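Please read the structure below before turning to the comments.
Keep in mind that what you see is a predicted model, and the values were worked out from it rather than measured.
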Amino acid sequence: MTTLRAGVVAVQGDVTEHADAVERAADAHGVDAEIVEIRSDGLVPDCDVLLMPGGESTTISRLLDREGIADEIRAHVDAGKPVLATCAGLIVASRDAKDDRVTTLDLLDVTVDRNAFGRQVDSFEAPLDVAGLDSPFPAVFIRAPLIDEVGEGVEVLAEWDGTPVAVRDGPVVGTSFHPELTPDSRLHDLALFDELAVEADA
């Protein structure tokens with residue numbers, strides 16, 4: 001059986017839930033997933049896919065820089081390898097978080113408003129029509145960031161109330177919501193395995 005090395009940035013957030021979702025998606029493809037929790041440099045280069053969970057974006061960005069992980073993530077994307085960045089992970093992956101305390105990775109050509117949904121509604125679940133999925137995805141929003149500007153080359157995968165909440169920019173998918181907080185692993189499949197299939201066909 002083929003083994004997929006999946007790195008989960010384990011600074012903060014739903015590390016176990018993301019690992020479980022990747023394992024379910026991998027199993028559906030007949031692939032064995034090896035989960036690597038990333039807290040220091042030197043691990044990202046050996047990973048096939050990366051996941052950037054939620055948490056507190058200022059803390060995440062500071063630790064990625066301090067531990068030397070940020071440049072490794074950029075190199076991973078430059079090599080065309082898939083990344084799924086969720087909630088605070090989306091903020092850190094963006095071009096501009098509109099907050100000088102957050103050092104973004106500039107992986108997604110989007111700008112975000114960090115706590116746009118959170119100031120109004122702390123948590124809610126919504127069925128989303130997502131490009132590439134054949135039925136609505138049960139998206140869980142928890143103090144979610146709002147994507148308020150999307151670059152020309154960015155594909156909007158899903159919207160909620162007229163606002164983009166899932167986007168793809170090359171090998172990087174970012175979501176305002178938490179796809180790992182549901183037994184439905186189709187978003188992880190879409191973000192990680194679709195991109196790997198494209199890479200394999202190239």
> Can you name the closest pair of heavy atoms from A93 and M52 and give their distance?
Replying inline: N-CE, 4.4 Å
> How many angstroms lie between CG in L50 and NE2 in H76, if you round to the nearest 0.5 Å?
Replying inline: 3.5 Å
> Should the pair F124 and W160 be assigned to parallel (<30°), tilted (30 to 60°) or perpendicular (>60°) ring geometry?
Replying inline: tilted
> Quick one: are V83 and V77 in side-chain contact, heavy atoms under 4.5 Å?
Replying inline: yes
> What's the verdict on side-chain contact (heavy atoms from CB on, under 4.5 Å) for E159 and V165, showing C-alpha distance, side-chain angles and the deciding distance?
Replying inline: CA-CA 5 Å; E159 294 185 347; V165 292; 5.5 Å; no
> How about P138 and E125: do any of their side-chain heavy atoms sit closer than 4.5 Å?
Replying inline: yes
> Nearest heavy-atom pair of G80 and P171: which atoms, and what distance?
Replying inline: O-CB, 3.7 Å
> Nearest 0.5 Å, what's the CG-CG distance between D189 and L84?
Replying inline: 11.5 Å
> How about D46: does its CG atom have over 12 heavy atoms from other parts shown lying under 6.0 Å from it?
Replying inline: yes
>> Quick test of your reading of the model: are D106 and R95 salt-bridged, counting only N-O distances below 4.0 Å?
In response: no
>> Could you tell me if the side chain of T175 sits less than 4.5 Å from the side chain of L90, heavy atoms only?
In response: no
> Rounded to the nearest 0.5 Å, what separation is found between the CD1 atom of I38 and the SG atom of C47?
Replying inline: 4.0 Å
> Are the side chains of P179 and D184 in touch, meaning some heavy atoms are under 4.5 Å apart?
Replying inline: no
> Any side-chain heavy atom of L51 sitting closer than 4.5 Å to one from L192?
Replying inline: yes
> So which heavy atom on T182 is nearest to which on F137, and how close?
Replying inline: CG2-CZ, 3.8 Å
>> Using side-chain heavy atoms (C-beta onward) and a distance below 4.5 Å, is I91 in contact with V102?
In response: yes
> Among all residues two or more places apart in sequence or in another chain, which pass the ring-ring contact (aromatic ring centres under 6.0 Å, His included) test with H178?
Replying inline: none
>> I'd like to know if the side chain of R101 pairs up with that of S57 as donor and acceptor (distance under 3.5 Å, no hydrogens or angles considered).
In response: no
> Can you name the closest pair of heavy atoms from C87 and R143 and give their distance?
Replying inline: SG-O, 4.2 Å
> Donor-acceptor pair, D169 side chain versus D109 backbone, under 3.5 Å?
Replying inline: yes
> According to the ring pair (Phe, Tyr, Trp, His ring centres under 6.0 Å) rule, which pairs have a member within residues 24-52, sequence neighbours left out?
Replying inline: H29-F193
> Any side-chain heavy atom of E155 within less than 4.5 Å of one from V167?
Replying inline: no
> With a 4.0 Å cut-off, would you call E72 and R74 a salt bridge?
Replying inline: no
> How far apart are the C-alpha atoms of H188 and R24, what are their side-chain angles, what is the distance that settles it, and do they pass the side-chain contact (heavy atoms from CB on, under 4.5 Å) test?
Replying inline: CA-CA 9 Å; H188 286 73; R24 289 194 303 271; over 6 Å; no
> Heavy atoms, side chains only, cut-off 4.5 Å: are T86 and F177 in contact?
Replying inline: no
>> Show the nearest heavy-atom pair for residues P53 and V8, with the distance to one decimal.
In response: CG-CG1, 3.8 Å
> Nearest 0.5 Å, what's the CZ-CG distance between F141 and L181?
Replying inline: 12.0 Å
>> Assess the residue pair D27 and D32 against the criterion (side-chain contact (heavy atoms from CB on, under 4.5 Å)); give the C-alpha distance rounded to whole Å, side-chain angles, the decisive distance to 0.1 Å, and a yes or no.
In response: CA-CA 6 Å; D27 187 61; D32 184 28; over 6 Å; no
> Quick one: does D48's side chain have a donor or acceptor within less than 3.5 Å of a partner on R5's backbone?
Replying inline: yes
> When you look at V112 and V110, which way does the side-chain contact (heavy atoms from CB on, under 4.5 Å) test go after all the steps?
Replying inline: CA-CA 7 Å; V112 296; V110 300; 4.3 Å; yes
>> To the closest 0.5 Å, what do you measure between OG1 (T104) and CG (L64)?
In response: 11.5 Å
> Below 4.0 angstrom, N of the basic side chain to O of the carboxylate: do K98 and D148 qualify?
Replying inline: yes
>> As an exercise, state the distance from OG of S94 to CG of L108, rounded to the nearest 0.5 Å.
In response: 7.5 Å
> Going by an N to O cut-off under 4.0 Å, is there a salt bridge joining R186 and D134?
Replying inline: yes
> Counting only N and O atoms by type, is there a donor-acceptor contact under 3.5 Å from the side chain of E67 to the main-chain atoms of I69?
Replying inline: no
> If you look at every heavy atom in T103 and V92, which pair is closest and at what distance?
Replying inline: O-CG1, 4.4 Å
